[in-house]
Amino acid sequence: MSKTTEIITKVQSEKRTALLETEAKMICEDYDIPVTKFKLAKNEQEAIEFAQEIGYPIVLKIVSPDIIHKSDAGGVKVNLKTEEEVKNAYNQILKNAKNYSQNAEIKGILVQEMAPQSTEVIIGSVKDPTFGQTVMFGLGGVFVELLKDVTFRLAPVAEYDALEMIKELKAYPLLKGFRNNPTVDIDSLVNIILKTSNLIMEHSEIKEADLNPVMAYEKGAKTVDARIILEA
Ligand code: ADP
Ligand code: MG
């Protein structure tokens with residue numbers, strides 16, 4: 001059984017449809033989609049150890065099946081640079097989570113590599129009830145939320161389609177290095193689109209996937225947050 005099938009089977013057996021960030025990122029790794037290094041800490045001491053292991057600066061995030069949008073719950077603390085900051089953030093996140101949802105089940109706190117700021121893109125998928133799996137690409141932030149500047153294709157997509165998806169965005173000039181924006185590595189974005197297409201073609205039980213954001217660099221790209229929702 002593949003790692004991905006193993007994870008999905010476990011989630012289904014627990015009658016969940018939303019994967020934890022750890023589960024979604026393990027699936028990304030299984031499909032060679034680059035993600036930030038991560039380790040799940042069960043207590044403050046582990047968080048400090050893992051921070052050292054991964055290397056500062058780091059990010060801490062809440063991991064709970066009851067909290068899907070982590071920042072809404074005060075569950076994300078970025079750019080932590082010292083042991084002291086890790087301790088404080090660890091406890092603050094737990095407190096925020098309890099305030100947000102009294103009975104939330106907490107699996108732990110995710111310690112992860114802080115990806116340097118860059119152009120943020122979104123790569124995702126939606127299963128259309130009529131047409132089946134579709135792949136989505138857009139630029140992060142206001143481009144998706146406000147301007148709805150996103151493109152879709154029916155999966156499976158070929159390399160040519162993936163490139164076309166990127167090029168047809170209104171904001172495409174930004175990816176080509178407009179004004180202050182650095183030129184980004186289009187090939188690595190094409191690659192992630194293709195891997196996402198493979199994933200959803202091989203797993204029809206995936207209803208939605210959302211790599212949001214993916215940091216796009218002059219060389220390479222890295223997935224900072226991943227969400228996967230299964231069909232009920
Ligand atoms: P959610 O979408 O559940 O609120 P995210 O994991 O996307 O939580 O975190 C919120 C924001 O924090 C991201 O959009 C990103 O800007 C920033 N962020 C999260 N993780 C990292 C990371 N590892 N490196 C750099 N920035 C991060
Ligand atoms: Mg996110």
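From a predicted model like this one, the values you see are computed outputs, not experimental measurements. Both ligands and their constituent atoms are indexed starting at 1 by order of listing.
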Full working for side chain to side chain donor-acceptor pair (under 3.5 Å) between Thr4 and Asp30: CA-CA 7 Å; Thr4 297; Asp30 197 32; 2.6 Å; yes

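For atom 6 (O) of ligand 1, the closest non-hydrogen atom of the protein is Lys61 NZ, 2.7 Å. Among protein heavy atoms, the minimum distance from atom 18 (N) of ligand 1 is reached at Val224 CG1, 3.6 Å. From the protein, the heavy atom lying nearest to atom 13 (C) of ligand 1 is Pro213 CD, 3.8 Å. At the top of the distance list for atom 8 (O) of ligand 1, counting protein heavy atoms only, stands Lys70 CE, 3.5 Å. The closest protein non-hydrogen atom to atom 11 (C) of ligand 1 is Val76 CG1, 4.7 Å. Atom 17 (C) of ligand 1 has Val78 CG1, 4.1 Å as its closest protein atom, hydrogens excluded (heavy atom only).
Contact annotation for atom 22 (C) of ligand 1: protein present (non-hydrogen atoms, distance under 4.0 Å).
Heavy-atom proximity to Glu120, at under 4.0 Å, picks out these atoms of ligand 1: 16 (O). Contact atoms of ligand 1 toward Asn212: 7 (O) (distance under 4.0 Å to a heavy atom of the residue). Interface of Asp225 with ligand 1, defined as ligand atoms under 4.0 Å from a residue heavy atom, comprises 1 (P), 2 (O), 3 (O), 5 (P), 6 (O), 7 (O), 8 (O). Taking every non-hydrogen atom of Arg227 and a distance limit under 4.0 Å, the qualifying atoms of ligand 1 come out as 2 (O), 3 (O). Counting the atoms of ligand 1 from 1 in the order shown, those under 4.0 Å from a heavy atom of Thr36 are 23 (N). Near Val59, meaning under 4.0 Å from one of its heavy atoms, ligand 1 places the atoms 20 (N), 21 (C), 22 (C), 23 (N), 24 (N).
With salt bridges taken as basic N to acidic carboxylate O contacts below 4.0 Å, none links Lys127 and Glu208. With salt bridges taken as basic N to acidic carboxylate O contacts below 4.0 Å, one links Arg153 and Glu164.
Atom CD1 of Ile193 sits about 12.0 Å away from atom OG of Ser125, to the nearest 0.5 Å. Distance check, rounded to the nearest 0.5 Å: CD of Glu83 to CD of Glu49 gives 10.0 Å. Taking CG of Asn79 as the reference point, atom CE of Met114 lies at 4.5 Å (rounded to 0.5 Å).
Relative to atom 25 (C) of ligand 1, the option among Gly74, Ala115, Ser71 with the closest non-hydrogen atom is Ala115.
No hydrogens or angles considered: nothing links the side chains of Asn198 and Glu202 as a donor-acceptor pair under 3.5 Å. For the residue pair Thr151 and Glu168, no side-chain donor N or O sits within less than 3.5 Å of a side-chain acceptor on the partner. Between the side chains of Gln112 and Lys37, no donor-acceptor pair of N or O atoms lies under 3.5 Å.
Ile62 is not listed as a side-chain neighbour of Val76, based on a closest heavy-atom distance of 4.5 Å or more.
Put simply, Asp225 gets within reach of the Mg ion (ligand 2), with an N, O or S atom under 2.8 Å from it. Within the 2.8 Å limit, Asn212 places at least one N, O or S atom next to the Mg ion (ligand 2).
There is a path of hydrophobic side-chain contacts, each under 4.5 Å, that joins Phe178 to Phe137.
With Glu21 as the fixed residue, the side-chain hydrogen bond (donor to acceptor under 3.5 Å, both in side chains) test singles out one of Lys107, Lys70, Arg227: Lys70.
At a heavy-atom distance under 4.0 Å, only backbone atoms of Ile68 (N, CA, C or O) approach ligand 1. Only the backbone of Glu113 comes within contact range of ligand 1, with a heavy atom under 4.0 Å; no side-chain atom does.
For the pair Gln112 and ligand 1, the shortest N or O to N or O distance falls below 3.5 Å.
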